[in-house]
Protein chains: 2
Amino acid sequence: METIEQVLESKNIRVTAMRLLIYKFLAEKQVAATLSDIEKAFEKADRTTLYRTVKTFVEKAIVHQIDDGTGITKYALCEQDCSCEIETDLHLHFHCNNCNETICLTDHKIPKIKVPDGFISEQINLVVKGLCDKCSA
Amino acid sequence: METIEQVLESKNIRVTAMRLLIYKFLAEKQVAATLSDIEKAFEKADRTTLYRTVKTFVEKAIVHQIDDGTGITKYALCEQDCSCEIETDLHLHFHCNNCNETICLTDHKIPKIKVPDGFISEQINLVVKGLCDKCSA
DNA sequence: AAACCCATGCAATAGAAGTGCATTTTTATG
DNA sequence: CATAAAAATGCACTTCTATTGCATGGGTTT
Ligand SMILES: [Mn+2]
Ligand SMILES: [Mn+2]
Ligand SMILES: [Zn+2]
Ligand SMILES: [Zn+2]
């Protein structure tokens, strides 16, 4: 089992207190977090620091960025050995219209999508909206 | 062949000069338009009017709203008899990473997506990014 | 003609995202 | 250990999209 420090170092991310805290926050959260969620969790810290920390995580590919259509970017830790870049590895995301939370469905990969002749597919974003398991009962 | 006036009236949208112009603008455009595109096309008109006109069109379901992941909402006329709401009728959208335009692939319906037990799917947003036919050559 | 509804215009606000620069903290180097 | 360099953090400010309140005015209805 890798420690958080090891995860960060393996991606050439300097270990700082703030980064450890944010990583842990994302790891414990079962749903994708907005920057504003992170702000609320760390009120002492400056917004810019949180913003840049998450940005670093995204650039170094330990966090992926989710556009669920709400207009607010969400973030979630990548799975181990995830290759966010590779099209065939991407999972789909579910956004609950009731509780407003967004969940990574890491076991549900995106099916092959056909595009017209002449078009070249590089990335795919697939978001399903509806009711999550907690809200559908 | 329905006139624009008839289209609007059939959806209980009052016909005004502005609305006819915006409808025509969207009809002639081959790609999805941003509010800012519409602004540039009608510099004499107030932004709010354009905003509310498009909003009306969306609410009355003659225009659909596209979130292509750029963070800027795009708009495109619905196909005739389109039912934007119904999951099975939705087409996918293509966003070109080069020319930055977004295109409705109205002939490419979204495949059936499986979600985990307990989740209820109501809408699906599928955006493919890459190179469009004009940019891939 | 009068009353009313609704589209339009203007001004202001909200909210997310991003940037420049000063300061502090960490790391590297002698 | 002392010091210089590099990187992270904090604060202020900006940009850009989206949205709302309120006044005005044109068209519709009675
Ligand atoms: Mn995810
Ligand atoms: Mn479309
Ligand atoms: Zn829910
Ligand atoms: Zn293109």
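Please read all numbers here as calculations on a predicted model, not as lab measurements. Within every chain, numbering begins at 1; the chains are lettered A, B, ... in the order of the sequence lines, protein sequences first and strands thereafter.
- One atom, CG of B:Asp37, and another, C1' of D:dA18, lie 16 Å apart when rounded to the nearest Å.
- A search for side-chain hydrogen bond (donor to acceptor under 3.5 Å, both in side chains) contacts involving B:Thr106 returns nothing, not counting sequence neighbours.
- A donor-acceptor contact under 3.5 angstrom links the side chains of B:His91 and B:His64, judged on distance only.
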| message | Test side-chain contact (heavy atoms from CB on, under 4.5 Å) on B:Asn125 and B:Val127; report intermediate values, then the result. | response | CA-CA 7 Å; B:Asn125 182 36; B:Val127 179; 3.9 Å; yes
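- Sorted by first then second residue, the side-chain hydrogen bond (donor to acceptor under 3.5 Å, both in side chains) pairs that include residues 25-42 of chain A, not counting sequence neighbours, are A:Thr34-A:Asp37, A:Ser36-A:Lys40.
- Near DNA chain C, meaning a heavy atom under 4.0 Å from it, residues 45-57 of chain A has A:Arg47, A:Thr48, A:Tyr51, A:Arg52 in order of number.
- If you measure from atom CD of A:Glu59 to atom C1' of D:dA8, you get 14 Å, rounded to the nearest angstrom.
- Using a cut-off of 4.0 Å between Lys/Arg side-chain N and Asp/Glu carboxylate O, B:Lys129 and B:Glu101 are scored as not salt-bridged.
- Between A:His95 and A:Thr102, the closest heavy-atom pair is ND1-OG1, 2.9 Å.
- B:Thr34 comes within 4.0 angstrom of nothing in the nucleic acid, heavy atoms only.
- Here the shortest heavy-atom pairing between B:Gly118 and A:Ser136 reads O-OG, 2.6 Å.
- Chain B approaches DNA chain C over the interval C:dC6 to C:dA11, counting the first and last nucleotide 5' to 3' with an atom under 4.0 Å from its heavy atoms.
- Under 4.0 Å is where a charged nitrogen must lie from a carboxylate oxygen, and between A:Lys109 and A:Glu79 at least one such pair does.
- A donor-acceptor pair under 3.5 Å is formed between the side chain of A:Thr56 and the backbone N or O of A:Arg52.
- DNA chain C is contacted by B:Arg14, B:Thr16, B:Met18, B:Arg19 of residues 6-23 of chain B, taking any non-hydrogen atom closer than 4.0 Å.
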Validation: residues 14-25 of chain A side-chain donor-acceptor distances under 3.5 Å, sequence neighbours left out:
unit_1	atom_1	unit_2	atom_2	d
A:Thr16	OG1	A:Arg19	N	3.2
A:Arg19	NH1	A:Arg14	O	3.0

